[in-house]
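Notes to accompany the following structure.
So you know, we letter chains A, B, ... as the sequences are listed, proteins then strands, and number each from 1.
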2 protein chains.
Amino acid sequence: MPKDTFFNLDGAKQKKIFEAAVDEFSQRRFSEASINQVVKNAGISRGSFYQYFDNKEDLYLYTLKQIGKEKLNIIGRVGELKPDADFFDGYMYMFRAALEWSTAKPEYYRIGMLMELDDSRFVSELRKASPEGFLMLKGMLEKDMQLGRIRDDVDAGLVVDIIYTLNLYLLTQYFKEDNKAELTEKAEEVIRIIKEGIVRK
Amino acid sequence: MPKDTFFNLDGAKQKKIFEAAVDEFSQRRFSEASINQVVKNAGISRGSFYQYFDNKEDLYLYTLKQIGKEKLNIIGRVGELKPDADFFDGYMYMFRAALEWSTAKPEYYRIGMLMELDDSRFVSELRKASPEGFLMLKGMLEKDMQLGRIRDDVDAGLVVDIIYTLNLYLLTQYFKEDNKAELTEKAEEVIRIIKEGIVRK
DNA sequence: ATAGTATATGACAGGGTTGTCATTTTTGGC
DNA sequence: GCCAAAAATGACAACCCTGTCATATACTAT
């Protein structure tokens, strides 16, 4: 947690530091991100930084928390908005929402992606501790299984792992191309494959 | 390419350096691997290293090449061994072979995995330049499509991307658990899902 | 044995990183 | 205006890293 001195700062300065952190963490993985860069971008001295935060982890946690607030507001409401959508529609809704959001706040999104790619001890633990997206998908899938919409001999956890993995793949792979339409199509095709299989019947 | 001085070394010393490189590159991604570690493990001086290799890239390339020789020998013969297997059987065959190999030479396998995870410029380029596994899978799939075994409205490239991605996921995710039986089951289940879909018909 | 070549070495320069701390500056209350 | 408390600062120690280079050692062939 940031120290009091940080929260005593006026809003503009807090924001400037937050933005510098976002900038850095959206370009490099946590393990490679440099506080030197952050302080440079924020226009504060190295000494000041350590008066605000304990260390890089502290700053990272703070940054994620800030972003998390916005993120959950936008993406986390699939259940509310589409109460009786099936799993596949639910996922696509989520996917579209995430994509919109990634267009609005690409840096935030990149941080999330880099976090998934990071294999440092700290970030791995962190990821394990907050499996929101994963659990939401799993819940949706299990509901559909109970409703008999999904074959009951599949392993729900594995299916969600699969979709989660492919989701990340889609976003990383096609992120740079910046072609929302094409990306959405790919996602739909992926879902259709998971849903129907690829074998000719 | 390593310098002449390296190839002039007696076999044992070459091997020791190779093994030190394997050790390092199987623990850290290329971008994070340290030559200091390599020279320490190999028991040579820093100066000597640069008498043998231009730099870290040079050593990495050499290491991959050495490993590649063995790898292709074991895994790359799916076509020969199972000439009329379908795509799914072919994949599972490959998967099992890869798994066997990863048990025999876990360090080599880890290097491959870390390479997939690396996003440094150099490694990305390198990966693009040698898409053996990817192309083999794609070839097998296209053959099956021509034979009418696969729905012809699916995008072969995408399907292979999916399987490739999930393959990597399976191996990274369950690597540490070291439970071959369970891992193989998961792979089979993944393939079954891709093949049949998960929706109740 | 000697001369010349090939190889081995570690100190070095120059770059990066983090976290600390004595000192200076700013701020706010009286 | 003054003073104490809070905040800002950058130099510093300590630790990484890479690639070079002058020097020392070993080898080889005459």
Could you check which of [options] has an atom nearest any side-chain atom of [X]?
| X | options | result |
| --- | --- | --- |
| B:Arg46 | C:dT7, D:dG19, C:dT18 | D:dG19 |
| A:Ser34 | C:dT9, D:dT18, C:dT17 | C:dT17 |
| A:Thr5 | C:dG19, D:dA7, D:dT18 | D:dA7 |
| B:Ile35 | D:dA8, C:dA8, D:dG19 | D:dG19 |
| B:Tyr50 | D:dA8, D:dG19, C:dT9 | D:dG19 |

With sugar-phosphate meaning primed atoms plus P, OP1 and OP2, does B:Lys3 contact a base, only sugar-phosphate, or nothing at under 4.0 Å between heavy atoms? nothing

Verify whether one side chain among A:Ser120 and A:Asp118 offers a donor that lies under 3.5 Å from an acceptor in the other. yes

Ion pair [X]/[Y], N-O distance below 4.0 Å:
| X | Y | value |
| --- | --- | --- |
| A:Lys16 | A:Glu19 | no |
| B:Arg28 | B:Glu24 | yes |
| B:Arg96 | B:Glu188 | yes |

[atom1] of [X] versus [atom2] of [N]: gap in Å, rounded?
| X | N | atom1 | atom2 | value |
| --- | --- | --- | --- | --- |
| B:Phe7 | C:dA6 | CZ | C1' | 17 Å |
| B:Phe49 | D:dG19 | CZ | P | 8 Å |
| B:Asn36 | D:dC15 | CG | C1' | 12 Å |
| B:Leu9 | C:dA8 | CG | C1' | 10 Å |
| A:Glu32 | D:dC17 | CD | C1' | 14 Å |
| B:Ile44 | C:dG10 | CD1 | P | 11 Å |
| B:Asp10 | C:dA6 | CG | P | 18 Å |
| A:Asn8 | D:dA5 | CG | C1' | 12 Å |

Do B:Leu183 and B:Leu171 come close enough that some side-chain heavy atom pair is under 4.5 Å? yes

Here's a test of your reading of the structure: between A:Gly47 and A:Arg28, which maps to the more 5' nucleotide of DNA chain C? A:Arg28

Give a yes/no answer on whether the side chain of B:Ser48 brings an N or O atom under 4.0 Å of OP1 or OP2 in C:dT7. no

Does B:Tyr52 make a side-chain N or O approach to OP1 or OP2 of C:dA8 shorter than 4.0 Å? yes

Both B:Gln51 and B:Lys56 contact DNA chain D. Taking the nearest nucleotide for each, which residue is further toward the 5' end? B:Lys56

